[in-house]
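Reviewing the structure listed below.
Computed from a predicted model, the values in this text were never measured in an experiment. Naming: A, B, ... by sequence-line order, numbering from 1 per chain.
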4 protein chains.
Amino acid sequence: MSGQQRGRPRSSHAHQAVLTATLELLTSGGYQRLTMEAIAAEAGVGKQTVYRWWPSKAAIVAEAVLSGHLATDASPLAETGDVLTDLRDWLSGQLARLTDPSSTALLRGLTAAAAESDTDAAKLYEQFTGPFRQYLVQRLAIGVRQGQLRPDARLDAAADLVIGALIYRTLTHGNLSGQGGADDLIEVLFAGLGLRAGVTPTSPG
Amino acid sequence: MSGQQRGRPRSSHAHQAVLTATLELLTSGGYQRLTMEAIAAEAGVGKQTVYRWWPSKAAIVAEAVLSGHLATDASPLAETGDVLTDLRDWLSGQLARLTDPSSTALLRGLTAAAAESDTDAAKLYEQFTGPFRQYLVQRLAIGVRQGQLRPDARLDAAADLVIGALIYRTLTHGNLSGQGGADDLIEVLFAGLGLRAGVTPTSPG
Amino acid sequence: MSGQQRGRPRSSHAHQAVLTATLELLTSGGYQRLTMEAIAAEAGVGKQTVYRWWPSKAAIVAEAVLSGHLATDASPLAETGDVLTDLRDWLSGQLARLTDPSSTALLRGLTAAAAESDTDAAKLYEQFTGPFRQYLVQRLAIGVRQGQLRPDARLDAAADLVIGALIYRTLTHGNLSGQGGADDLIEVLFAGLGLRAGVTPTSPG
Amino acid sequence: MSGQQRGRPRSSHAHQAVLTATLELLTSGGYQRLTMEAIAAEAGVGKQTVYRWWPSKAAIVAEAVLSGHLATDASPLAETGDVLTDLRDWLSGQLARLTDPSSTALLRGLTAAAAESDTDAAKLYEQFTGPFRQYLVQRLAIGVRQGQLRPDARLDAAADLVIGALIYRTLTHGNLSGQGGADDLIEVLFAGLGLRAGVTPTSPG
DNA sequence: CGGTAAGCGAGACGGTACGTCGTGTCTTTCG
DNA sequence: CGAAAGACACGACGTACCGTCTCGCTTACCG
């Protein structure tokens, strides 16, 4: 009878409350207000409980991101059949979202969490950007299969360029011009991917 | 004129010592060791002196970057006449530098400094990446003038893509494959810039 | 009942250590060395713990005095049956003790603590001198009961005079002449200034 | 002789302003507000000027007291011919003055200044209380000469008792009962504790 | 009358201590 | 035996004064 549940079981309620509190504090007050004490207090949870489940602030943020508590808005790209349009729309949407203060707060907080921990940094960042990267590559791969893109296009590198630019622009430029910014990136990107005949990579207008 | 010198003039020695100490601590111990007290102690300076000159840690790092105390290795691109070669070499060099632990520590510290201050973030980041961006655009502009690149190429967007990718890869990937990584990025970039006939953008077999 | 014990109880060990450290620093280095940081360090205690228990330095000193951690040497007067002898001996003893550097350091520190806080001053002083005052009045009262002193003698006023003189002499005179000083005070106390016939010293009806 | 006047003479205006500022700060805000910087600022004087003239805060207070900038109200006792009345009136007046908040602030500040400096303490205190003591002894001596007091009365000891009691009562008791308090002290002083027959209070020859 | 020397207000300097806040660990009681 | 509560040792924060040190500017005496 040794394998039996002893003592009080872990409270999944506490677990959820911590993740929710983390979201709340991160989007509202930035990374500065995201202290372990504030998380515990906001969640109505003992500090020890937080430390029992997560080794660091970065770990909490990481799980909050992965578990969907943080609205990262990582959505698959549309598949209209035209990879150019789909990518442009997706990129415009992402840039639009990044004008929202809570999104920039989140991204900045994430960056801070990554920067502060030598060990968790890479992991955290990859977990956060992973889904975006995955959706991007998936859609581009379809474009390749459909003959719209060169078969030997470096999809991974392209995804890195796109995501890196998104983050970089968010962190540096105060105001992002939603549509124009996307078009410029698209412009550079698509010719690089070897867009074939009949498709004009230039922007509308 | 009322704005004349009153009281003891500010010590440029103290000023320099703080910037030097900031570099030392940032590259050696990471952003965690970069406390105001450590900076003051390392510089042999009173804390008040630090606060008298800079309002925040981010501001110190920003000036340390700009003043050249931090070896950011932002160098102009070579001009061999072949923009492809020049960009590839430069990119390889940057990626190689970013494998150096002190460089990643610096970049991470910079990111942390940017993330911790809502106000200084954009400014700090732009100051740090500004020179890189400028050199990139300059060389690409020459390529345009020499007819190697499309006259309507979006140089700014290309620079954003490159720098964003550099930072992103540094923060996420533990190990960067110096040559291959650069080639992939080059591959995507150059066709996008409308590389003309006779120049092969593909990587070495 | 809502007022029940929650969380970790306060450490009486820390409490004691602070009082002991206060004594040590006060008697050895004077009030200047008695800083909150020094107390915490000497006691092996966090500063926060000190502030959690006491609102000010004066409060710590006050409790250290009351709790007997500070050797104030407030002892009852002997009862040989002769109030004159008992008072003279006690007074000589106190004056002798006050030639001890650590005692003067303590008294001076106490005075400094009292002076630095408008609110705690009176309380602190009274707590310190209270026992002395009490023992004095007690012995004098016995003298009255035994018919050695006038039944209408102002014992409180006499005690104030004695204690005030002790403090005053300690703070002003560098060197106190143990025996002679006591005798002079005794002389005045017991016989007064010897008001001559026809003059009534008592207060108006 | 080399000791002749060279350079700009010291500004008596600055000197006066410092003493006045010291008074102002000491009586208004207590000893806590009496910082060197506050004195210099209030006096409109450079800090160095203050340090050039006085080695310590206690020294400033001491001179402020002596120079009459501080209204210590040390006045001679009246000489109506009746030493009892004169002393009682004087004592009542002093106790009345000591109910004034600015007077207690001054006395407390003085005590603090004395307590904080091992070296200046005695000197400072004696300078402050000296005049009071002197006036007291003078009047008592007249009483002796006029045959109202015993020729062998210990006048110095009596003065110490009176002044000590005044200070002690001010520092400890929140409210001093002007008249009654004086009468009690007078009672003890003049008639003593009324030692009964057969007991000789005098000291050894 | 110009030179020289010291005092002047101002304020930055290297320090120390302040009182607060956050860290990660611990020790209670309660469920 | 987990979880809340919260005290613990520790260390960094940003501020206030300390006593010292330059600055540019008087204000005297001097040769």
Side-chain angles (χ1 to χ4, degrees), chain A residues 5-11 13-15 32-41 43-53 55-57, chain B residues 4-11 13-15 17 32-41 43-53 55-57, chain C residues 4-11 13-15 32-41 43-53 55-57, chain D residues 4-11 13-15 17 32 34-41 43-53 55-57:
Chain A
Q5 183 82 356
R6 297 264 301 172
R8 183 173 178 173
R10 295 195 166 185
S11 159
H13 172 265
H15 192 109
Q32 314 201 37
R33 271 188 53 194
L34 190 70
T35 66
M36 294 301 253
E37 296 208 327
I39 291 174
V45 147
K47 269 202 296 180
Q48 194 61 249
T49 300
V50 180
Y51 283 106
R52 199 174 355 240
W53 293 50
S56 69
K57 225 185 303 185
Chain B
Q4 70 181 8
Q5 181 78 359
R6 304 264 288 183
R8 180 177 179 172
R10 297 191 162 186
S11 158
H13 174 265
H15 191 112
Q32 315 202 33
R33 268 190 56 195
L34 191 69
T35 65
M36 293 302 253
E37 298 209 327
I39 291 175
V45 147
K47 268 202 294 181
Q48 194 67 243
T49 298
V50 180
Y51 283 106
R52 197 178 292 122
W53 293 57
S56 69
K57 227 184 301 183
Chain C
Q4 68 183 7
Q5 182 78 359
R6 303 267 290 182
R8 179 177 180 172
R10 298 193 163 184
S11 159
H13 173 266
H15 192 112
Q32 314 203 33
R33 267 189 58 194
L34 189 70
T35 66
M36 293 302 253
E37 297 209 328
I39 292 174
V45 147
K47 265 202 296 181
Q48 194 65 244
T49 299
V50 181
Y51 283 105
R52 198 179 294 120
W53 292 57
S56 68
K57 226 183 303 183
Chain D
Q4 71 185 8
Q5 183 81 354
R6 298 271 297 176
R8 180 178 181 171
R10 296 192 165 184
S11 158
H13 173 265
H15 191 110
Q32 314 201 37
L34 190 68
T35 66
M36 292 303 252
E37 297 210 328
I39 292 173
V45 147
K47 270 203 296 180
Q48 193 62 250
T49 299
V50 180
Y51 282 105
R52 197 177 295 120
W53 294 51
S56 69
K57 226 184 304 185

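The NE2 atom of D/His15 sits 16 Å away from the C1' atom of E/dC8 (whole-angstrom rounding). One atom, OH of D/Tyr51, and another, P of E/dC8, lie 16 Å apart when rounded to the nearest Å. For the pair D/Met36 CE and E/dG15 P, the computed distance is 21 Å after rounding to whole Å. Summarising the geometry, the separation between NZ on B/Lys57 and C1' on F/dA12 is reported as 9 Å, rounded to the nearest angstrom. In this entry the distance linking CD of B/Gln32 with C1' of E/dG24 reads 14 Å, nearest Å.
Evaluation of the salt bridge (charged side-chain N to carboxylate O under 4.0 Å, His left out) rule for C/Lys57 yields no partner, not counting sequence neighbours. Applying the side chain to side chain contact (heavy atoms under 4.5 Å, CB included) test to D/Ala43 and every residue at least two apart in sequence or in another chain returns D/Ala17, D/Val18, D/Ala21, D/Val45. Applying the side chain to side chain donor-acceptor pair (under 3.5 Å) rule to D/Glu37 yields the partners D/Lys47; only residues at least two apart in sequence or on another chain are considered. Residues passing the side chain to side chain donor-acceptor pair (under 3.5 Å) test with C/Ser56, sequence neighbours excluded: C/Asp120. Residues satisfying the side chain to side chain contact (heavy atoms under 4.5 Å, CB included) test with B/Arg10, not counting sequence neighbours, are B/Arg52, B/Trp53.
The phosphate of F/dG6 (OP1 or OP2) has no side-chain N or O of C/Arg10 nearer than 4.0 angstrom. Distances shorter than 4.0 Å separate none of the side-chain N or O atoms of D/Trp53 from OP1 or OP2 on E/dG7. The phosphate of E/dG14 has OP1 or OP2 within less than 4.0 Å of a side-chain N or O from B/Thr49.
Toward the 5' end of DNA chain F, the nearer of the two residues D/Thr35 and B/Glu37, judged by each one's closest nucleotide, is B/Glu37. Residue order along DNA chain E, read from the 5' end via each residue's closest nucleotide, puts B/Val45 first among C/Lys47 and B/Val45. Along DNA chain F, the nucleotide closest to C/Arg52 and the one closest to B/Leu34 are compared, and the more 5′ of them pairs with C/Arg52.
Between C/Ser11 and C/His15 there is no side-chain heavy-atom pair separated by less than 4.5 Å.
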Under 4.0 Å protein heavy-atom contact, by nucleotide of nucleotides 22-28 of chain F - B base, S sugar-phosphate only: BB-SBBS
